[in-house]
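First the structure, in the form of structure tokens, and then the observations on it.
Note that the structure is predicted; figures quoted are calculated from it, not measured. Below, read A as the first sequence line, B as the second, and so on, with proteins coming before strands; counting in each chain starts at 1.
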Number of protein chains: 2
Amino acid sequence: MPTPPYRQIAAELRHRITTGELAPGDRVPSENAIVSEYGVAAETARKALGVLAAEGLTEARRGSGTRVRAFRPILRRGTKRLAQSGWGEGRSIWEFDLDGRPLRADRVTVEPDAPSPAHVAVALGLAVGDPVCIRDRRYLVDDEPVMLATSYLPTALVVGSPITQPDTGPGGTYARLAELGCAPVHFREVVRSRMPLPEEAEALALGVGTPVVLIVRYAYAAEGLPVEVNEMVLDASRYLMEWEFPA
Amino acid sequence: MPTPPYRQIAAELRHRITTGELAPGDRVPSENAIVSEYGVAAETARKALGVLAAEGLTEARRGSGTRVRAFRPILRRGTKRLAQSGWGEGRSIWEFDLDGRPLRADRVTVEPDAPSPAHVAVALGLAVGDPVCIRDRRYLVDDEPVMLATSYLPTALVVGSPITQPDTGPGGTYARLAELGCAPVHFREVVRSRMPLPEEAEALALGVGTPVVLIVRYAYAAEGLPVEVNEMVLDASRYLMEWEFPA
DNA sequence: TAGTGGTCTAGACCACGAA
DNA sequence: TCGTGGTCTAGACCACTAA
């Protein structure tokens with residue numbers, strides 16, 4: 001079982017990328033170039049390039065060409081409050097953009113009184129179908145979509161507050177929850193990663209070979225009362241996530 | 001620009017998977033079945049199935065068939081110490097196996113006195129090339145590989161201790177660091193996700209369409225002294241990660 | 001308009017698994 | 001042995017981009 005040609009070609013090109021011979025933005029050999037250089041059929045050349053694309057290393061554009069992709073993430077700090085200096089903050093093995101640029105919200109929809117899905121009801125301590133307020137939006141940085149988010153809050157808790165409006169006002173949802181006497185005091189974030197569904201790929205304008213990171217944040221008020229479930233879908237090629245905690 | 005046939009076929013099959021009509025473990029229509037059912041060429045049928053595989057929804061095995069994949073993660077608690085009851089622990093929108101099964105180490109190698117790579121040197125507050133102890137291993141659950149890990153510790157700190165041996169003894173590296181007067185008191189974890197490199201896919205026996213999660217853990221002793229950098233590579237289809245923190 | 005990537009076909013041969 | 005997925009070819013047509 002020798003390595004098939006398309007994998008050998010992919011390996012050669014990958015080597016040129018990982019060693020930096022082909023830098024981000026550089027054009028990778030075209031299908032035609034591979035056909036003539038390696039003496040293979042067009043479909044075989046395509047398949048070789050397809051391997052790199054599926055690995056997230058390259059991005060093809062019809063009419064233009066195939067280019068090496070860059071990883072230019074923004075930093076998401078999970079535990080902002082603990083991030084005092086002294087812990088080598090900012091020192092990472094990866095380069096990242098400072099999170100100075102604002103997240104702009106987009107496609108904001110609010111359903112103040114929707115039946116709770118089963119998995120949300122359990123997390124919020126409700127019965128399945130109990131009313132919840134569902135806040136849906138997309139976040140953009142430099143007009144490029146980077147994250148989708150869907151929040152669920154008990155309708156019984158937030159009815160009548162700006163939380164049921166598209167604009168929650170200064171300080172956002174958590175400030176309003178505090179005014180309602182339910183300020184979050186504890187957070188739990190559960191994270192996984194997978195390849196995107198077509199809708200997610202479309203909404204985030206993901207290139208092929210780009211996974212998404214799913215973060216589900218559970219916010220608790222005093223006495224362990226759950227007040228919010230926030231399901232986030234992040235473009236994995238745009239995010240670096242950080243959590244800090246004591247031993 | 002109508003949707004090409006192979007995408008339409010993929011969408012139909014995907015729908016049957018996401019609705020549960022095709023459950024994890026079930027066989028998906030074979031290439032031949034798709035050819036005769038949709039009246040397309042074999043390569044087109046292959047491409048349709050390839051879409052689902054790239055999305056991580058299915059897994060093909062030569063001679064056998066293509067089956068729907070399952071997501072059976074194990075839970076990794078980042079902040080174990082904070083995990084007191086009352087915060088709805090264990091209540092997640094995803095099912096997961098309890099982390100009662102032990103992680104077994106595999107392919108353990110130790111280099112007690114290696115030159116530090118640039119990115120590690122910066123994080124550890126060393127000069128590039130200063131000696132570090134590099135501990136490399138693979139972790140398995142039920143004899144299946146789930147994570148790769150590479151630790152870097154300053155050689156000047158750990159020379160002569162069991163940390164430079166394959167077996168670090170009871171309590172592991174952190175217990176030994178404590179005995180050296182450098183007990184970690186603070187952790188920082190930086191996370192990203194991407195598609196695996198071929199070596200990673202091989203070492204973790206990853207199916208196509210399976211991303212990896214990269215966690216870099218920085219451990220600090222008192223006064224912010226960095227004592228360890230641990231680069232982990234997790235099979236995204238086997239892990240759920242959790243972090244908890246106060247507001 | 002020339003070059004690029006995207007889709008599709010019809011046919012071939014191979015490697016592997018299960019019956 | 002037969003059905004499965006994996007690879008490859010030679011050729012065709014299309015859609016898009018840039019010069």
Checklist entry - Looking at residues at least two apart in the chain, or sitting in another chain, which of them share a side chain to side chain donor-acceptor pair (under 3.5 Å) with A:E12? => result A:Y38
Next on the checklist: Suppose we screen for side chain to side chain donor-acceptor pair (under 3.5 Å). Which residues come up paired with B:S116, at least two apart in sequence or across chains?
Outcome noted: none
Listed pairs, N/O of protein and of nucleotides 9-12 of chain D, under 3.5 Å:
| residue | atom | partner | partner atom | Å |
| --- | --- | --- | --- | --- |
| D:dT9 | OP2 | A:A41 | N | 2.9 |
| D:dT9 | OP2 | A:T44 | OG1 | 2.6 |

Residues that [X] engages under salt bridge (Lys or Arg N to Asp or Glu O under 4.0 Å), provided they are two or more places apart:
X	answer
B:E144	B:R238
B:D167	none
A:R137	none

Next on the checklist: By the salt bridge (charged side-chain N to carboxylate O under 4.0 Å, His left out) test, which pairs, at least two apart or in different chains, include something from residues 44-56 of chain A?
Outcome noted: A:R14-A:E55, A:E31-A:R46
Checklist entry - Could you give all pairs that pass the salt bridge (charged side-chain N to carboxylate O under 4.0 Å, His left out) test and reach residues 16-27 of chain B, with sequence neighbours left out? => result B:R16-B:E21
N/O donor to acceptor pairs below 3.5 angstrom from side-chain atoms of residues 60-67 of chain B, sequence neighbours left out:
| residue | atom | partner | partner atom | Å |
| --- | --- | --- | --- | --- |
| B:S64 | OG | B:R67 | NH1 | 3.4 |
| B:R67 | NE | B:G25 | O | 3.1 |

Checklist outcome for this item: In B/S/- notation (B base, S sugar-phosphate only, - none; protein heavy atoms under 4.0 Å), nucleotides 1-6 of chain D written 5' to 3' is --BBBB
Checklist outcome for this item: So, with a heavy-atom separation below 4.0 Å from DNA chain C, the residues of residues 194-207 of chain A are none
Next on the checklist: Going by side chain to side chain contact (heavy atoms under 4.5 Å, CB included), name the residues that satisfy it together with A:S36, two or more places apart in sequence or in a different chain.
Outcome noted: none
Next on the checklist: Using 30° and 60° as the class boundaries, would you call the ring planes of A:W243 and B:W243 parallel, tilted or perpendicular?
Outcome noted: parallel
